[in-house]
There are 2 protein chains.
Amino acid sequence: MVDNANTTETQIFDAALRVFHKKGLAGARMQEIADEAGINKSMLHYYFRNKEQLFSQVFFQSFRKFMGSVLPILNEPNTWEEKIPVVIEHYTQVMQGNPHLALFVINELRQNTDGFSSFIKDNPLLNTVFVAQLKQAMQNGEIRTVQPMQIWLTITSNIIFPFITEPMLKMTINFHDSDWDGFIADRKKIIADMLLLYLKNS
Amino acid sequence: MVDNANTTETQIFDAALRVFHKKGLAGARMQEIADEAGINKSMLHYYFRNKEQLFSQVFFQSFRKFMGSVLPILNEPNTWEEKIPVVIEHYTQVMQGNPHLALFVINELRQNTDGFSSFIKDNPLLNTVFVAQLKQAMQNGEIRTVQPMQIWLTITSNIIFPFITEPMLKMTINFHDSDWDGFIADRKKIIADMLLLYLKNS
DNA sequence: GTCTATATCCAGATAGAC
DNA sequence: GTCTATCTGGATATAGAC
């Protein structure tokens, strides 16, 4: 099988992803993407026709990575309680590997709600095994009755928000880089402990 | 005293604030700001010289509203326990009154870390009465020992993140507008309860 | 202070040689 | 497929009349 991982097209795509993630659709420049890819600007148009289409491809891959990558975890055959730290660990690693991903997706989605809504609607988040397990545990009286969406938002807010405000945090307080890693490590445990304690205490 | 609230200059500033909040620095257009203010485009340059300066003024006011407005609350002479729901309520109202504020500040700050750092550093967040009270309670063994920054991030993440992802949430699940208000009302109580439970359970 | 007209620049996109 | 050169539209900014 031929390795197509390093074709011109993928080089452009990877460069575009980096630039769009950092600058957004409005702030990105085709010239900068070309420079980042180390090729000529016309090549962008040759392979992707125009800026809009190049952006679309980057956006949809990013959206899937941000929203879709967690679904398999939520549908695994372990307990809801076991899933929580796994989800936290998952998002931590996604954020660490793609520092601009979350803010990019949130931002572009906010500005172009209409354009993407057809692609995105019917997100199966609320139909996962995880949510079914939570509802069951609530019915059984094992945990407090709360909207599953509140639980989901508690998990994601607590782990994603620190990353998107990371530059601000490092600026306003004196975080050294070594402190940051420890801070995130602590945070993973705190979030899981806090949520479990809340759910089980009725 | 003369009322200067409706001068051309303030009309421009208010219009610029709305447009910059929605579109960001890179996405905003001077023409759109002029249209929004109902005046001629040259007026923007007459009063604010150029786009950069107009943006700066908008940004710094927004930053103060986002970060600075909570400081008085944290320094009031009530207990740390009383402050928590007040802070949550405060941020809820700021978000509801300025739907684009948080994402705007987070975003522009991320893209121009250097440009604003001198203005922003030495944020007195960690020197507030609130943080002093938390440390004291930890020393007394009244609450669990955690970095105050973890507590602060738990409060802000849980209440701000849902607002900045609001369009996404309304898109991916079926939130009707009436549900949303109830969801936020529930959320305020959940966050406070969850955090207090966690802190007091050692 | 407010407007119209215009200068200047820059980014996206295309034409066409190789 | 890849490059250089160029076109075109749009956005910031200025000049200058009133």
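Hydrogens, waters and symmetry mates are skipped; everything else that's a heavy atom, side chains included, is used. Chain letters run A, B, ... following the sequence lines, proteins first and then strands; every chain starts at 1.
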More than 12 heavy atoms of other residues, nucleotides or ligands under 6.0 Å from NZ of K188(A): is that the case?
->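 Count over threshold, so yes.
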With respect to the side chain of [X], which nucleotide from [options] is positioned closest?
{"X": "S42(B)", "options": "dT4(D), dT14(D), dG12(C)", "answer": "dT14(D)"}
{"X": "Y47(A)", "options": "dA13(C), dG1(D), dT12(D)", "answer": "dG1(D)"}
{"X": "K51(B)", "options": "dT2(D), dA13(C), dA13(D)", "answer": "dA13(D)"}
{"X": "I39(B)", "options": "dA13(C), dT12(D), dC3(C)", "answer": "dC3(C)"}

Spacing between [X] atom [atom1] and [N] atom [atom2], to the nearest angstrom:
{"X": "K41(A)", "N": "dG12(C)", "atom1": "NZ", "atom2": "C1'", "result": "7 Å"}
{"X": "D35(B)", "N": "dC3(C)", "atom1": "CG", "atom2": "C1'", "result": "15 Å"}
{"X": "E9(A)", "N": "dG1(D)", "atom1": "CD", "atom2": "C1'", "result": "12 Å"}
{"X": "R29(B)", "N": "dC9(C)", "atom1": "CZ", "atom2": "C1'", "result": "14 Å"}
{"X": "Q53(B)", "N": "dA13(D)", "atom1": "CD", "atom2": "P", "result": "10 Å"}
{"X": "L44(A)", "N": "dG1(D)", "atom1": "CG", "atom2": "C1'", "result": "14 Å"}
{"X": "Q31(A)", "N": "dA5(D)", "atom1": "CD", "atom2": "P", "result": "14 Å"}
{"X": "E52(B)", "N": "dT12(D)", "atom1": "CD", "atom2": "P", "result": "12 Å"}

Please classify the nucleic acid contact of [X] as base, sugar-phosphate, or nothing, using heavy-atom distances under 4.0 Å.
{"X": "N40(A)", "value": "base"}
{"X": "M30(A)", "value": "sugar-phosphate"}
{"X": "A34(B)", "value": "nothing"}
{"X": "F48(B)", "value": "nothing"}

Please check: side-chain N/O of [X] versus main-chain N/O of [Y], any donor-acceptor pairing under 3.5 Å?
{"X": "E32(A)", "Y": "V19(A)", "result": "no"}
{"X": "R64(B)", "Y": "S69(B)", "result": "no"}
{"X": "K22(B)", "Y": "A28(B)", "result": "no"}

Which of these passes ring-ring contact (aromatic ring centres under 6.0 Å, His included) with F55(A): F13(A), F20(A), F48(A)?
->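 For F55(A), the ring-ring contact (aromatic ring centres under 6.0 Å, His included) check succeeds only for F20(A).
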Do the side chain of T8(A) and the base of dT2(D) come within less than 3.5 angstrom through a donor-acceptor pair of N or O atoms?
->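 Side chain to base: no pair present.
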Does Y46(A) put a side-chain nitrogen or oxygen below 4.0 Å from OP1 or OP2 of dT14(C)?
->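 No, Y46(A) has no side-chain N/O under 4.0 Å of OP1/OP2 on dT14(C).
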Ignoring backbone atoms, test whether H45(B) places a side-chain nitrogen or oxygen under 4.0 Å from the OP1 or OP2 oxygen of dT14(D).
->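 Result: no.
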